[in-house]
**Student:** 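Dropping the structure in here first, questions after.
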Amino acid sequence: LQQFARSYRALAADLVPGGALSRYPAVASLTHLEVFSTADVLAELSFEVKPADAEEQQSTSTIQARVNVQGHIDAELVPALERLHPGLVEMLHGAREARLSKNPDRVRHFVTSNRELFTQVLHALAPDELVLPWVPAPKSRKDPPLVKDNKPTRRGRILYICRDINRAPFTKFVDRDVAAMVELFELLHEGTHEIEAPFTEAQELALLRRVELAILYLLTIGDTEPPN
């Protein structure tokens with residue numbers, strides 16, 4: 001998480017009006033929301049039971065940011081998935097239905113379904129057959145590997161997805177963002193081996209927003225073309 005925060009600070013100059021990312025307004029807008037969504041889900045998961053008046057104590061800006069996140073998801077996620085592969089829309093519906101199921105194992109299914117959807121999107125945006133011929137040769141031995149066992153590494157896929165926004169601070173931020181998402185999935189998976197559902201409804205909704213926004217973020221980056 002500290003690396004994620006540092007990468008966002010390093011990117012700050014590119015996000016101001018007139019900065020490098022101002023040429024990509026959709027990506028810039030979602031970058032700010034990605035940071036909010038990460039902080040929001042961590043705040044929700046930081047304690048098991050919220051005070052009865054917690055909702056009333058939430059700031060107007062927090063509530064508005066959540067509405068903004070959900071608005072982007074509602075308007076853009078399904079069409080973006082459809083453009084990439086129609087089968088991903090079915091996976092999205094399945095992941096959402098898993099949360100609403102009355103199955104006693106529903107939370108584990110919810111976490112697993114969302115992790116699988118996230119992974120499928122990452123691989124569909126950066127498939128092996130396109131990434132491997134594109135991957136540049138490492139500049140030094142200290143550079144993280146982009147290919148391992150004849151497969152692109154996660155970093156290799158992210159570099160490919162970000163190839164049209166050729167900015168090192170941005171690529172590093174997306175790399176840290178995806179790493180934080182993977183770490184969250186791992187933590188959630190460890191917490192689902194309980195008989196009782198380990199999350200409140202508010203926590204589940206925060207998790208759902210976090211995952212779905214992260215997927216939309218990758219899709220938006222993947223749709224981005226270099227400015228003329």
**Student:** Got Gln120 and His85 here, is their nearest side-chain heavy-atom distance under 4.5 Å?
**Tutor:** no
**Student:** Going by atom type alone, with no hydrogens or angles, which donor-acceptor pairs under 3.5 Å involve a side-chain atom of residues 168-180 and a protein atom two or more places apart or on another chain?
**Tutor:**
{"unit_1": "Thr171", "atom_1": "OG1", "unit_2": "Arg167", "atom_2": "O", "d": "3.2"}
{"unit_1": "Arg176", "atom_1": "NH1", "unit_2": "Gln3", "atom_2": "OE1", "d": "3.3"}
{"unit_1": "Asp177", "atom_1": "OD1", "unit_2": "Arg210", "atom_2": "NH2", "d": "3.0"}

**Student:** Roughly how far, to the nearest 0.5 Å, is CG of Leu219 from CZ of Arg83?
**Tutor:**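 These two atoms lie 8.0 Å from each other.
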**Student:** Within the structure provided, determine whether Arg23 and Ile165 are in side-chain contact (heavy-atom separation under 4.5 Å).
**Tutor:**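 No - every pair of side-chain heavy atoms lies 4.5 Å or more apart.
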**Student:** From Leu208 CG over to Asn114 CG, what is the distance, rounded to the nearest 0.5 angstrom?
**Tutor:** 6.0 Å
**Student:** Taking atom CG of Asp128 as the centre, report whether more than 12 heavy atoms of other residues, nucleotides or ligands fall under 6.0 Å from it.
**Tutor:**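 Above 12, so yes.
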**Student:** Taking the side chain as every heavy atom from C-beta outward, state whether Ile221 and Leu125 have any pair of such atoms under 4.5 Å apart.
**Tutor:**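 No, too far: nothing below the 4.5 Å cut-off.
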**Student:** Can you tell me if Glu90 has over 12 outside heavy atoms packed within less than 6.0 Å of its CD?
**Tutor:**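 Not more than 12 within 6.0 Å, no.
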**Student:** State the CG-CG distance between Asn68 and Leu213, to the nearest 0.5 angstrom.
**Tutor:** 9.5 Å
**Student:** Do Leu21 and Tyr24 touch side chain to side chain, with heavy atoms closer than 4.5 Å?
**Tutor:** yes
**Student:** Tell me whether Thr119 contacts the main-chain N or O of Arg115 through its side chain, where contact means a donor paired with an acceptor under 3.5 Å.
**Tutor:** yes
**Student:** With ILVMFWY side chains joined below 4.5 Å, transitively, what does Leu130's cluster contain besides itself?
**Tutor:** Val131, Leu132, Trp134, Val135, Leu146, Val147, Leu159, Tyr160
**Student:** State yes or no: do Leu207 and Leu205 share one hydrophobic cluster built from I, L, V, M, F, W and Y residues joined by side-chain heavy-atom distances below 4.5 Å, directly or via other members?
**Tutor:** no
**Student:** Are Val111 and Leu42 in one and the same hydrophobic cluster, where Ile, Leu, Val, Met, Phe, Trp and Tyr link if side-chain heavy atoms are under 4.5 Å apart?
**Tutor:**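 Looking at the clustering, Leu42 is in the same group as Val111.
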**Student:** Assess the residue pair Glu44 and Arg66 against the criterion (salt bridge (Lys or Arg N to Asp or Glu O under 4.0 Å)); give the C-alpha distance rounded to whole Å, side-chain angles, the decisive distance to 0.1 Å, and a yes or no.
**Tutor:** CA-CA 13 Å; Glu44 285 288 342; Arg66 288 176 180 168; 3.0 Å; yes
**Student:** Are any side-chain N or O atoms of Ser22 and backbone N or O atoms of Pro17, one a donor and one an acceptor, separated by less than 3.5 Å?
**Tutor:**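 Here the side-chain-to-backbone pair does not exist.
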**Student:** For the side chain of Thr112 and the backbone of Arg108, is there at least one donor-acceptor N/O pair under 3.5 Å apart?
**Tutor:** yes
**Student:** For atom CG of Asn150, is the number of surrounding heavy atoms from other residues, nucleotides or ligands below 6.0 Å larger than 12?
**Tutor:**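 Atom CG in Asn150 is not packed in, count stays at 12 or less.
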**Student:** Could you tell me if the side chain of Ser113 sits less than 4.5 Å from the side chain of Leu117, heavy atoms only?
**Tutor:** no
**Student:** Using side-chain contact (heavy atoms from CB on, under 4.5 Å), reason through Met181 and Phe185 one step at a time and then give a plain yes or no.
**Tutor:** CA-CA 6 Å; Met181 191 72 252; Phe185 279 131; 3.8 Å; yes
**Student:** Which value, rounded to the nearest 0.5 Å, describes the distance between Glu34 atom CD and Thr220 atom OG1?
**Tutor:** 9.5 Å
**Student:** Could you give me the CA-CA distance, side-chain angles and deciding distance for Arg154 and Val182, then say whether side-chain contact (heavy atoms from CB on, under 4.5 Å) is met?
**Tutor:** CA-CA 11 Å; Arg154 186 179 68 217; Val182 171; 3.9 Å; yes
**Student:** If you count heavy atoms of other groups shown closer than 6.0 angstrom to NE2 of His123, is the number above 12?
**Tutor:** yes
**Student:** Could you give the distance from CG (Leu45) to CG (Leu184), rounded to the nearest 0.5 Å?
**Tutor:**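 With rounding to 0.5 Å, CG (Leu45) is 6.5 Å from CG (Leu184).
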**Student:** Show your reasoning for whether side-chain hydrogen bond (donor to acceptor under 3.5 Å, both in side chains) applies to His72 and Tyr217.
**Tutor:** CA-CA 10 Å; His72 278 283; Tyr217 189 49; over 6 Å; no
**Student:** Enter the distance from Tyr8:OH to Thr38:OG1 here, rounded to the nearest 0.5 Å.
**Tutor:**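 Atom-to-atom, Tyr8:OH and Thr38:OG1 are 10.5 Å apart.
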**Student:** Which heavy atom of Leu84 sits nearest a heavy atom of Ala124, and at what distance?
**Tutor:**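 Taking Leu84 first and Ala124 second, the nearest heavy atoms are CD2-CB, 3.7 Å.
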**Student:** Apply side-chain contact (heavy atoms from CB on, under 4.5 Å) to residues Gln70 and Val67 and explain how you reach the verdict.
**Tutor:** CA-CA 5 Å; Gln70 195 61 53; Val67 170; 5.9 Å; no
**Student:** Hey, is Glu97 close enough to Arg106 for a salt bridge, meaning N to O under 4.0 Å?
**Tutor:**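 Judged by the 4.0 Å cut-off on N to carboxylate O distance, Glu97 and Arg106 do not form a salt bridge.
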**Student:** In the hydrophobic clustering (ILVMFWY, side-chain contacts below 4.5 Å, transitive), which residues join Leu100, or is it alone?
**Tutor:** none
**Student:** Is any side-chain heavy atom of Ile215 closer than 4.5 Å to one of Leu88?
**Tutor:** no
